[in-house]
Amino acid sequence: MKLMTTLLAATAMLALAAGAAQAKQLVFCSEASPAHFDPGPTTGGNDFDASSRTIYNRLVEFEKGGTAIEPGLAESWSTSEDGKEITFKLRAGAKFHTTPYFTPTRDLNADDVIFSFERQWKEDNPWFAYLEGMTWDYFQGMDMPKYIKEIVKVDDLTVKFVLNEPNAPMVANLAMDFASIVSKEYADQLAASGDLAAFSTQPIGTGPFVFSDYQLDTVIRYQAFPDYWAGKQPIDDLIFAITTDPSVRAQRLLAGECDIMPYPSPADIAQLQADENLTVLEQEGLNIGYMSYNTTEPPFDNANVRKALSMAVDKAAIIEAVYQGAGQDAKNLIPPTMWSYNNNIPADTYDPEAAKKLLEEAGVTDLTTDLWAMPVSRPYNPNAQRVAELIQADWAAIGVTANIVSYEWTEYRERGKQADRKGPFQIGWTGDNGDPDNFFATLFSCSAIGVSNYSSWCNQEFEDLIQQAKTTADQAERTALYEKAQEVFKAEEPALTLAHSKVFMPMNKRVIGYKMDPLGIHRFDGVDVTE
Amino acid sequence: MLNYILRRLALIVPTIIGISICAFAFVRVLPGDPILAMAGQHGVTPERYEILREQFGYNLPIWQQYFNYLGGVLQGNFGVSLATKRPVITEFMTLFPATIELALVAMFLAVIIGIPAGIFAAVKRGSWFDQLTMGVALTGYSMPIFWWGLLLIIFFSGYLGWTPVSGRIALSFFLRPITGFMLVDTLLYGNWPAFVSALRHLILPAVVLGTIPLAVIARQTRSAMLEILGEDYVRTARAKGMSPRRVINVHALRNALIPVVTTIGLQVGLLMGGAILTETIFSWPGIGKWMIDSISKRDYVVVQSGLLLIALIVMAVNLLVDLLYAVINPRIRVQ
Amino acid sequence: MTQTPQIAPAKSDRAAALREFWHYFSVNRGAVIGLVVFALLVLIAIFAPLLAPYSPDIQYRDAILKPPIWDAGSDPRFWLGTDPVGRDMLSRLIHGARYSLFIGFFVVSGALFVGVILGVLAGYFGGWIDAMIMRVMDIILAFPSLLLALVLVAILGPGLFNAMVAIALVLQPHFARLVRAAVMAEKNREYVTAARLSGAGHLRLMLVTILPNCLGPLIVQATLSFSNAILEAAALGFLGMGAQPPTPEWGTMLASAREFILRAPWVVTFPGLAILITVLAINLIGDGLRDALDPKLKRS
């Protein structure tokens with residue numbers, strides 16, 4: 001610790017000595033405006049990039065560029081024998097930001113941790129509804145109220161989570177954005193002044209960057225936090241230049257207006273790669289784009305019909321025309337980089353003749369159906385409209401008529417969830433944590449019907465396997481269970497798994513130390529720029 | 001005169017009420033559920049749903065909801081955005097200057113080029129200049145501006161690299177807004193390079209947005225000029241041996257500009273429509289982009305109040321133009 | 001135009017008027033060019049299936065994003081190149097003419113129909129009917145037309161038909177105002193009084209006696225609306241709220257290929273050019289019509 005202080009002091013001296021020298025600045029052309037800066041109630045990746053990964057920390061953190069869990073604000077943790085109690089030992093001397101609107105008088109302690117969760121959990125907490133019409137989407141969505149019995153302050157720097165039943169993914173869940181630790185002292189100050197809403201617009205955290213300014217829909221500015229518990233960041237200023245259109249983002253990067261950008265349009269990647277000032281990092285994404293059949297709607301309730309329709313789709317053409325080659329044929333629901341991926345499953349074949357025969361055998365002729373296309377571009381499916389056009393043409397070849405339908409994004413998902421939805425539905429998923437449960441149970445468990453199981457598929461065998469895997473601690477055992485589940489999935493084909501997309505991150509060559517994140521978050525701690 | 005003004009104002013009241021009813025009604029009939037829209041992707045429990053419905057008054061009879069809304073608006077409360085939870089009026093006020101600045105510069109370009117072009121075309125009627133100007137004007141008037149904007153971006157930003165691609169000012173300038181008008185703010189700070197940067201960012205969007213008004217103004221000026229040049233008193237002045245330049249300056253121009261002023265005023269509504277497209281293409285942080293984003297996000301409250309605010313502004317400008325017209329053109333008052 | 005106290009002009013008069021009109025119209029070179037281009041477009045639209053080398057929907061998966069014939073790397077089968085899923089651009093553009101012209105006709109007919117009825121009612125009866133109708137028109141005109149159309153389409157659901165309905169609704173007040181003003185100006189003229197005295201009913205007075213006399217400005221407004229409708233429909237398509245892919249509507253084609261603007265500029269350039277040419281042709285005709293029909297400008 002002493003070494004750290006000395007180092008910090010030395011850095012500060014150097015910074016002073018550099019004096020008027022150019023502050024090191026990194027400009028990130030972000031893809032959307034954040035709703036606000038409280039990571040608890042927000043849900044978008046852009047919200048998290050702008051708040052939880054810059055301003056805040058969590059008890060535990062994902063390692064940079066991976067999904068392994070490492071200490072964050074908790075230096076260490078231990079799980080009790082029965083798996084029902086997790087005790088976290090907090091880091092001493094972790095400081096909250098000092099800004100023009102808040103000056104902390106104390107370091108992080110157990111009260112902050114308990115407050116951070118109780119505000120999302122206890123309806124009688126004054127912060128439970130501090131913004132008009134707010135919901136704690138992730139806290140509810142991850143079923144936290146079901147799993148957590150209580151959170152106990154053991155002493156100032158020790159917190160104990162008591163669970164209702166053992167839960168293997170719990171610690172990983174606490175590394176997710178919604179579990180960011182906020183300042184109770186700041187909350188109390190705002191409560192005293194009556195301006196609760198400021199909690200979302202003038203954030204205070206313990207993270208690597210201090211919020212400095214936000215111009216609506218234009219630019220967010222941060223400064224490196226000099227007293228950050230892990231040391232001050234190499235860059236001084238971090239700027240998010242909000243640029244919603246992907247081609248405009250690429251143009252800005254090429255013009256040197258920004259240093260790094262997320263989600264390039266697949267169409268622009270070749271040009272970006274060819275530019276001598278740019279590097280384009282790429283990574284297999286932790287995602288899946290798929291098309292859910294409604295397994296309760298005839299004739300899609302027949303597994304053979306589903307298989308026939310899948311067989312008639314030329315996935316290679318989709319990957320070529322829509323993913324521009326930056327995607328990988330998906331034979332399983334989970335991507336190959338995830339543990340428990342079952343590589344023995346044979347790849348899907350494109351065989352319109354066999355598909356036709358299979359349909360005939362099933363007694364399906366003159367099938368006319370809706371085909372749903374998402375209205376937005378997502379990393380797992382850059383252009384669902386175009387995918388739909390391709391599938392439409394493929395199906396026409398086997399005598400199936402598809403009408404493409406689309407709605408506004410919220411409306412689209414809402415209608416997609418309905419049990420009486422007509423026709424196959426394109427959707428996809430990007431992992432929240434590295435656990436297979438986050439794919440299997442979230443997307444295809446029986447309890448997810450009407451939530452995110454767009455196939456309305458409830459298969460007892462599959463369900464038993466994934467439920468057992470969820471409550472098992474041993475990873476080898478879990479792997480075996482999930483591998484089996486993938487076999488069941490393939491045999492039943494509740495959905496056509498289209499592709500796992502590659503994720504690209506183009507950046508200026510002056511950016512050093514950026515690591516791509518499999519969870520699709522963008523973090524700038526430890527990133528530096530050369531002059 | 002006062003009588004005329006009062007009559008115009010009296011007509012406006014029912015229109016305003018109508019506009020507020022429309023804005024309110026549109027949003028009620030939009031498909032989708034505002035509560036679900038605010039809840040996000042994991043949805044809400046039925047209990048919480050009921051609480052939210054009550055909190056936002058969606059459980060009340062529709063007319064009561066309308067009066068609650070109207071009451072709020074009259075007190076300056078335009079509701080809170082479902083997406084950002086910020087007051088709509090705050091967002092509007094933050095973004096509005098960007099649109100106004102863009103529209104004013106576009107209009108400025110249209111006027112300083114359009115009026116002289118129109119006058120010259122009229123004076124040199126039938127010349128190659130006249131034909132060329134009117135040809136260009138008609139092409140501009142027929143332009144799908146979203147396509148025009150894309151072409152200009154490819155050429156000036158992509159190919160030549162002369163203008164920045166997007167944004168209002170280079171990111172290296174960090175000026176807290178005073179008026180919200182970038183050109184004014186940079187001057188208030190006395191930051192000359194920042195002013196130049198803001199101007200460079202503004203030029204392409206302004207050209208795109210100004211194209212159609214420019215064409216309309218040039219055509220309108222020309223035909224107004226032609227009409228006046230054909231009037232007896234101008235002919236008389238000319239016959240009396242007044243120099244052509246003096247005839248144009250003293251007699252023709254003043255009278256020709258009256259209808260042109262009205263035309264300029266009437267372009268305001270069109271400019272708002274054009275701003276939607278221009279701001280979308282250039283990622284310009286203004287009202288147009290805000291509205292289209294809100295429509296596609298189903299941010300009901302923003303759509304409702306945004307429509308209301310925009311319609312009120314357009315109406316206010318039209319009223320102002322009418323009154324101005326009445327002041328400069330005495331003939332209208334008799335009607 | 002002289003107003004004689006006749007209910008309808010005699011046949012020879014009508015022919016003479018038409019001749020006079022054509023004389024003035026054909027003097028305007030631009031208008032004639034516009035008319036020729038427009039006629040060509042109509043022919044292209046009618047015979048699209050015969051003219052287009054391929055079906056607009058067929059996907060050549062081996063020829064994705066091929067450039068036009070004069071560029072390196074082009075495919076001789078596709079003169080204007082192919083789009084992101086390998087469809088022939090030329091065929092799509094040819095079929096697109098059908099949509100644009102249909103949009104124009106549909107919107108103008110709709111707007112004309114509703115606008116004329118409302119305008120005649122308001123102008124003829126005056127009083128509270130007039131006040132009501134005109135306030136509603138004021139309200140519609142207070143919203144920027146594209147914004148209003150966007151909201152209407154959001155309510156009705158995106159799609160070509162809904163977009164057309166929305167645009168017709170937004171354009172219709174212009175007709176209503178025009179007709180109302182004309183009717184008010186005409187209704188106290190002698191020939192109308194004469195017709196009334198000879199026992200003509202309201203309907204006959206409105207439609208047969210008065211309306212034909214406001215035809216000139218109406219035709220000009222209709223032409224203007226025709227080009228406006230095409231532009232607005234394309235703008236809605238561009239914003240993703242108009243015709244839905246794979247419909248070969250020009251605005252939609254442009255929007256759905258926008259990401260390729262740098263890599264494959266032809267997929268964006270051609271549809272935009274097609275819109276521009278069509279709208280320009282119609283506006284040229286409109287100018288010619290106005291000059292020929294507007295008696296005031298005729299004299300100058």
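Naming convention: chains lettered A, B, ... in sequence-line order (proteins, then strands); numbering from 1 in each chain. The shown structure was predicted, so the numbers you read here are calculated from the model rather than taken from an experiment.
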Step-by-step side chain to side chain contact (heavy atoms under 4.5 Å, CB included) determination, A:Asp245 to C:Arg258: CA-CA 10 Å; A:Asp245 187 275; C:Arg258 197 181 147 193; 3.1 Å; yes

Step-by-step side chain to side chain contact (heavy atoms under 4.5 Å, CB included) determination, C:Glu259 to A:Asn383: CA-CA 11 Å; C:Glu259 59 196 280; A:Asn383 192 330; 3.4 Å; yes

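Looking at C:Gln59, the atoms closer than 4.5 Å to chain A (heavy atoms on both sides) all sit in the side chain, from C-beta outward. Both the backbone and the side chain of A:Glu389 come within less than 4.5 Å of a heavy atom of chain C.
Expressed to the nearest 0.5 Å, how far CG of C:Leu65 lies from CD of A:Gln324 amounts to 7.0 Å. Note that the OG atom of A:Ser247 and the CZ atom of C:Phe260 stand 10.0 Å from one another [nearest 0.5 Å].
For C:Phe270, the CZ atom is densely surrounded, since the number of other residues' heavy atoms within 6.0 Å is greater than 12. The number of heavy-atom neighbours closer than 6.0 Å to NZ of A:Lys357, taken from other residues, nucleotides and ligands shown, is 12 or below. Residue C:Asp62 qualifies as enclosed at atom CG: its count of foreign heavy atoms under 6.0 Å is above 12.
Most heavy-atom pairs under 4.5 Å with chain C: of the set A:Ala373, A:Ala267, A:Ala317, this distinction falls to A:Ala267.
Counting all heavy atoms, side chain and backbone alike, C:Pro84 lies closest to A:Ala321 at O-CB, 3.8 Å.
Remark: C:Asp83 does not engage A:Arg386 in a salt bridge, criterion side-chain N to carboxylate O under 4.0 Å.
In this structure a side-chain-to-backbone donor-acceptor pair under 3.5 Å is present from C:Arg61 to A:Leu390.
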